[in-house]
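So that the names make sense, note that chain A is the first sequence line, chain B the second, and so on, each numbered from 1.
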There are 2 protein chains.
Amino acid sequence: MAMFEEQAITASDKAFFKLRKEIVDGVILSGSKLSETELSTRYAVSRAVVREAINRLEACHLVERKANVGARVVSLTPEGLIELYQVRESLEGMAARLAAQNMSEDEIADLNTLLNSQSEEVKTAELYYQEAGDLDFHYRIIQGSKNAYLISMLVNGLYHLVRMYRVQLGMAGPRVTSAFDEHKNIVQAISLRDSELAEMLMRRHIMYSKNNIKAKLQS
Amino acid sequence: MAMFEEQAITASDKAFFKLRKEIVDGVILSGSKLSETELSTRYAVSRAVVREAINRLEACHLVERKANVGARVVSLTPEGLIELYQVRESLEGMAARLAAQNMSEDEIADLNTLLNSQSEEVKTAELYYQEAGDLDFHYRIIQGSKNAYLISMLVNGLYHLVRMYRVQLGMAGPRVTSAFDEHKNIVQAISLRDSELAEMLMRRHIMYSKNNIKAKLQS
DNA sequence: ATTCGTTATTTTGTCGACAATATGCTTTTT
DNA sequence: AAAAAGCATATTGTCGACAAAATAACGAAT
């Protein structure tokens, strides 16, 4: 899996990664308050590094902070999910368009082999694909866009929120095979350098995904 | 002008706004280093608040920071400008689409009166329109999307960078009247609740704008 | 009993100092 | 003379303490 490792240099980095993980995984409950003093004792670091970590989490929309009051983990709502997926549709659509223009032939080949290897897994272990494989696919296209803002906004920003929704709403849906076919079509469009089509297919792919989750949310 | 005032509560807020303004306006040169100690003496605050301000600037892509080394103001490059406008096209296109769906009739009416008032100014004082009027128009549509992520990413994030490019590349272009017509068409699409068309027109509008700036950049 | 005002406590915001890391300079070696 | 090693300096990262603000607790008045 081509999951790029972010490596922590400072103590703030470590605190940030740890906190982010706990929030995304639901260890720290959605909507709960983040006490700076409590966290600093729990992580055995100063309040300064906790503060910096929280600031960074605010930048990725994982916590909300009010001046002189404190920070809370964002609460997951159906409206928030819709809005998140609208932005995803917009940004990842553009990413697919740019990927069709900017990905190297080698990168496209890698993407194809990835899909083929997943093709086997889809028939057997469906769960694996849905979680990691889907992410890997989307990550590669985002990277393939070669657009620094796009990459940063999605990878460092929104995707953790997306994962948070997925984890905490327990997404292990029946959309595995259909999503796989959509992936294949997108890669084909990219292979043909048809940026227009690639964007369109990616947008639809994310729309379907949104509708799928929305349905789950109401059940 | 419906420019929403962000009000500074803490000292970090004030430092953040001040620093951001100086960077966008080019008072602090693009590419230069931001010394925490120097800034803390210049602003007469502690290093902690300067650090927090710099962290926030990093989140809006106005500075780049390396661990244990420091922060530098981003340098403006043609490639960066292109990438920025690609993201703008994507996000503001979606904003226009959502605005067509979600803006109230009153808000649309306001937008129309804004355009009509600008219609006068275009014939006389062209400069005013280009700077403030154009921003006002785009801000209203972004707000009209009613999508919190979209609004935050554009207004708190990318738009300061957009303004930085505009200010420092000296944009007072001859695109005034044509842009005005494009604005009119977008508003009309929104009035008709034609979200598809609104998105398409907005994307083209931003593409034209990009090409205009790109041409200026090479001259 | 409930509401309002006051006080006490907790939490965040800010500060200055120390530790750790990187940068620049001098010295030494080949 | 050039490159490398070591030292000095400056800058960032981290810490604990104090100041300011908000929340909670308490008591008084209606």
- Message: Going by ring pair (Phe, Tyr, Trp, His ring centres under 6.0 Å), name the pairs with one or both residues in residues 23-76 of chain A, residues two or more places apart or in two chains.
- Response: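 The answer is A:His61-B:Tyr149.
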
Practice problem: For B:Ala67 and for A:Val69, find the nucleotide of DNA chain D with the closest heavy atom, then tell me which residue's nucleotide is more 5'. | Solution: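 It is B:Ala67 whose nearest nucleotide is closer to the 5' end.
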
For B:Asn68, the side chain to side chain contact (heavy atoms under 4.5 Å, CB included) test, sequence neighbours excluded, returns A:Ile9

message: Please enumerate all residues that pass side chain to side chain contact (heavy atoms under 4.5 Å, CB included) together with A:Ser90, with sequence neighbours excluded.
response: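 With sequence neighbours excluded, A:Ser90 shows a side chain to side chain contact (heavy atoms under 4.5 Å, CB included) to B:Ser90, B:Leu91, B:Met94, given in chain and number order.
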
Checklist entry - Pick one: which of B:Leu98, B:Leu150, B:Val155 meets side chain to side chain contact (heavy atoms under 4.5 Å, CB included) with B:Ile142? => result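 Looking at B:Leu98, B:Leu150, B:Val155, the match for B:Ile142 under the side chain to side chain contact (heavy atoms under 4.5 Å, CB included) is B:Val155.
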
When rounded to the nearest 0.5 Å, the distance separating CG of A:Leu154 from CG of A:Asn147 is 9.5 Å

CG of A:Asn112 to CG of A:Asp110, rounded to nearest 0.5 Å, is 9.5 Å

Between [atom2] on [N] and [atom1] on [X], what's the gap in Å once rounded to a whole number?
{"X": "B:Asn68", "N": "C:dA22", "atom1": "CG", "atom2": "P", "answer": "5 Å"}
{"X": "A:Lys66", "N": "C:dG13", "atom1": "NZ", "atom2": "P", "answer": "13 Å"}
{"X": "A:Arg65", "N": "C:dT12", "atom1": "CZ", "atom2": "P", "answer": "8 Å"}

**Message:** Students often mix this up, so state it plainly: with edges at 30° and 60°, are the rings of A:His138 and A:His205 parallel, tilted or perpendicular?
**Reply:** parallel

| task | State which residues pass salt bridge (charged side-chain N to carboxylate O under 4.0 Å, His left out) with A:Arg97; sequence neighbours excluded, sorted by chain then number. | result |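 Once residues adjacent in sequence are excluded, the partners of A:Arg97 under the salt bridge (charged side-chain N to carboxylate O under 4.0 Å, His left out) criterion are A:Glu196, A:Glu199.
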
Applying salt bridge (charged side-chain N to carboxylate O under 4.0 Å, His left out) to B:Glu22 and not counting sequence neighbours gives B:Arg42

Return the angle between end axes of the helix from C:dA1-D:dT30 to C:dT30-D:dA1, with five pairs used per end and rounding to 10°.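 So the angle between the two local helix axes works out to 20°.
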
The side chain to side chain donor-acceptor pair (under 3.5 Å) partners of A:Tyr85 (sequence neighbours excluded) come to A:Arg88

- Query: Can you list the residues that meet the side chain to side chain donor-acceptor pair (under 3.5 Å) rule with A:His160, with sequence neighbours excluded?
  - Reply: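 Result, side chain to side chain donor-acceptor pair (under 3.5 Å) vs A:His160: A:Arg20.
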
Q) Looking at residues 48-59 of chain B, who's got a heavy atom less than 4.0 Å off DNA chain C? A)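 Only B:Ala48, B:Val49 qualify.
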
Here the residues of residues 8-23 of chain B within 4.0 Å heavy-atom distance, strictly under, of DNA chain D are none

Quiz prompt | salt bridge (Lys or Arg N to Asp or Glu O under 4.0 Å) assessment of B:Arg65 paired with B:Glu36 | solution = CA-CA 12 Å; B:Arg65 148 172 282 179; B:Glu36 294 182 1; 3.2 Å; yes

Identify all side-chain donor-acceptor contacts of residues 75-83 of chain A below 3.5 Å with residues at least two apart in sequence or on another chain.
unit_1, atom_1, unit_2, atom_2, d
A:Thr77, OG1, A:Gly80, N, 2.9
A:Glu83, OE1, B:Ala148, N, 2.8

5' to 3' contact window, DNA chain D with chain A (heavy-atom distance under 4.0 Å):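 Nucleotide range in contact with chain A: D:dG13 to D:dT23.
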
